[in-house]
Amino acid sequence: MSDIVLDFSSLDGVVAHGSDYGPSDHLSWLVAAFGDALHSASILGFMTTPHSDTLISVQPETPVEWLTARRDVQPLLDLLETRRWE
């Protein structure tokens, strides 16, 4: 089985609105929120699936699109927390 690699190079230089934190901070927070229990395929699915909590111009966006659009990471962390309890 091959490893799944997520390419976040498009997030270079992205800073969330009103945040002093950059993409590496946001990605490290997401990695911590994924925890050890999530398989890499689940992480890939989460990062590449549009979510109703990440709307841009009334269109659900993927977490990669959300972060690329310089949005706050907190809604993504909230989604992961909610999924942990499902």
Side-chain angles (χ1 to χ4, degrees):
M1 181 171 167
S2 65
D3 291 334
I4 295 172
V5 177
L6 295 174
D7 179 11
F8 293 108
S9 61
S10 63
L11 298 178
D12 289 345
V14 172
V15 177
H17 294 294
S19 172
D20 292 333
Y21 301 101
S24 61
D25 297 310
H26 294 171
L27 292 176
S28 65
W29 296 338
L30 286 173
V31 168
F34 289 136
D36 295 333
L38 274 181
H39 188 274
S40 57
S42 297
I43 294 170
L44 178 65
F46 176 81
M47 293 301 292
T48 59
T49 301
H51 302 279
S52 60
D53 289 353
T54 54
L55 299 176
I56 298 176
S57 300
V58 302
Q59 175 74 25
E61 300 294 341
T62 69
V64 171
E65 293 166 327
W66 180 258
L67 293 172
T68 301
R70 303 172 186 250
R71 303 298 176 136
D72 188 15
V73 71
Q74 190 59 51
L76 302 176
L77 298 172
D78 294 342
L79 277 170
L80 288 170
E81 181 67 21
T82 300
R83 287 172 184 242
R84 188 182 323 214
W85 294 104
E86 290 180 351

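The side-chain hydrogen bond (donor to acceptor under 3.5 Å, both in side chains) test applied to S42 returns no partner, not counting sequence neighbours. Residues passing the side-chain contact (heavy atoms from CB on, under 4.5 Å) test with L55 are P60, sequence neighbours excluded. E61 pairs by the side-chain hydrogen bond (donor to acceptor under 3.5 Å, both in side chains) definition with nothing, not counting sequence neighbours.
Put simply, the side chain of L76 reaches to within 4.5 Å of the side chain of L30, judged on heavy atoms. Side-chain contact between M47 and F34: present, with at least one pair of heavy atoms (C-beta onward) separated by less than 4.5 Å.
Pairs of residues two or more places apart, or lying in two chains, that qualify as side chain to side chain donor-acceptor pair (under 3.5 Å) and include a residue from residues 50-60 are H51-R83.
A donor-acceptor contact under 3.5 angstrom links the side chains of T62 and E65, judged on distance only.
When all heavy atoms are compared, the tightest approach of T48 to P63 is N-CD, 4.5 Å.
Taking CH2 of W29 as the start and CG of L77 as the end, the distance is 8.0 Å to the nearest 0.5 Å.
Under a 3.5 Å cut-off, the side chain of W66 and the backbone N or O of D72 do form a donor-acceptor pair.
F46 and V31 are members of different hydrophobic clusters when ILVMFWY side chains are connected at heavy-atom separations under 4.5 Å.
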